Amino acid sequence: MKNLIRFLAKNSHWFVFLLLEIIGIILYSQFNSRQGAVIFSSVNNVAGAFYQVSSSLGTYLNLKKENSALHDENVELNMQIAQLREQLQDVGWSADTLSKCIDTTLNVRYLIKARVINNTLFRKDNFITLDKGETDGISKEMGVIDSNGIVGVIFMTSKHYSLVLPLLNSQSSINCKVAMTEFFGALSWNRESLRYACLNDLPRHSIVEKGDKIVTNGFSAVFPAGLPVGEVEEILDGDDNQSYKLKVKLGVDFANLRNVYVIDARIDEERRNLESLVK
Amino acid sequence: MICVLLQVIFFDHFHVMGYGAPLIYILFLLDYRSNDNVISSMLWGTLLGLFVDMFHDSIGVNMMAMVFMVFIRGKIFDMFVRNRKLNDEYTLDFSSLGINIYTQILVIITFLYCVCLSWLEDITFKYFLQFLLKVVTGTFSTTALVLFYNFLRYYRRGR
């Protein structure tokens, strides 16, 4: 106690200084409207930043609780699945039929998360290197997408890495269609820009407008139908004057690519094998 | 008190190049003895600042600047005086410290006070050139005025 009193007495001028300055700030902000507004706004900014940090901290500290809640939900969902399986088997569905139904009707596809570790942009034939390879279940001719659309196709794999043939490669050609219609063509890159590609060989009688979405048509085993590719920027005459050529603004920004997903379409193995017989 | 009245009646109407005015009441900050009580000086500074603020219709501006300067002035004086190994107890005086040290201390104190005051008045560095001109002209005119006042006093004492 004595020490505390001694400390307070020794530093009393500091406390008086702070007290007087606080009184000054209060008077200053109360009697000077412009300065008061600036102080109010600055205090709001500081308080906002403080709340953001405290909110982030709170979220982080609650992760354990949220994890536990998600775990419980997962257990409950698994139980529901098991119950539904039993009910389907009770009404005469065999385990094989059920499995086939899940594979085909529900069209289950696995996504393997990967990171781009190298990416060339300004070559004629660009390539992307991913940090996942054969040990992660990646094999040749798997499709690669990101949250904005399709990126390319796995071209080569090693144990821990894989090489993607992106849309920005002169050898790339992907079957796409105009969304909500069945008019399709082959999407290729003409090296004009990193953000544009061309959808060639679209029939003359196609109904297409600027701004229409371009999606995959599912004609190849690599990409399922309906994956976004981009949107129509310009409608041009084809090189043969018998078809349309669409200038497509790509959804994927290849200059800003980090996290991608490799589509593990194991269910299409049978189809792929069949199609390879006639190639 | 006389300084404050002189300031509001007379010196506030002299703006060097339309920017800073000489601040004669800064003499309060220079009236310093090494054994002064900081707390009582700060309280006197508060009253003086509030008094000036009342006339300038800017409550809090001069008060905060004055309290801050009273609080740090001891450090500034010590920095100059102790380096020259003078006595522990000294008075900030034109005749005892000599014109060089006195002018150096005066310029620093005036400059810092003008910076505090101008910033509290503008509360932005958006118009930095105007701010700088205000500080420089204020410092220059105040220093000249205080030096002139001290010369007069010194001369009268001498006679």
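Protein chains get the first letters and strands the later ones, always in sequence-line order, with residue 1 at the start of each. The figures that follow rest on heavy atoms only: side chains count, while hydrogens, waters and symmetry mates do not. Note that the structure is a prediction, hence the values are computed from the model and not measured.
Taken to the nearest 0.5 Å, the CG atom of Leu236(A) stands 7.5 Å off from the NZ atom of Lys247(A).
Within the structure, every pair that satisfies the ring pair (Phe, Tyr, Trp, His ring centres under 6.0 Å) test and touches residues 47-72 of chain B, not counting sequence neighbours, is listed here: His13(A)-Phe71(B), Trp14(A)-Phe71(B), Phe17(A)-Phe71(B), Phe51(B)-Phe55(B).
Heavy atoms of Ser29(A) lying under 4.5 Å from chain B are absent altogether. Both the backbone and the side chain of Ser58(B) come within contact range of chain A, each with at least one heavy atom under 4.5 Å from a heavy atom of that chain. Contact annotation for Phe31(A): only side-chain heavy atoms (C-beta onward) come within less than 4.5 Å of a heavy atom of chain B. For a residue to count as touching a neighbouring chain, one of its non-hydrogen atoms must lie under 4.5 Å from one of that chain's; by this rule Met63(B) touches chain A with the side chain only. Only the backbone of Asp57(B) comes within contact range of chain A, judged by heavy atoms closer than 4.5 Å. Residue contact with chain B, scored on non-hydrogen atoms closer than 4.5 Å, involves the backbone and the side chain of Ile25(A) alike. In this structure, the portion of Leu50(B) lying under 4.5 Å from any heavy atom of chain A is its side chain and not its backbone.
The most heavy-atom pairs under 4.5 Å with chain B, out of Val16(A), Leu20(A), Leu27(A), come from Leu20(A).
With respect to Val67(B), the side-chain contact (heavy atoms from CB on, under 4.5 Å) criterion is satisfied by exactly one of Asn62(B), Leu43(B), Thr46(B): Thr46(B).
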Please determine whether side-chain hydrogen bond (donor to acceptor under 3.5 Å, both in side chains) holds for the pair Asn200(A) and Ser188(A), giving the CA-CA distance in whole Å, both sets of side-chain angles, and the decisive distance to 0.1 Å. CA-CA 8 Å; Asn200(A) 299 300; Ser188(A) 59; 3.0 Å; yes
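Between the side chains of Asp122(B) and Tyr127(B), no donor-acceptor pair is found at a separation under 3.5 Å.
With sequence neighbours excluded, the residues forming a side-chain hydrogen bond (donor to acceptor under 3.5 Å, both in side chains) with Thr120(A) are Asn126(A), listed by chain and number.
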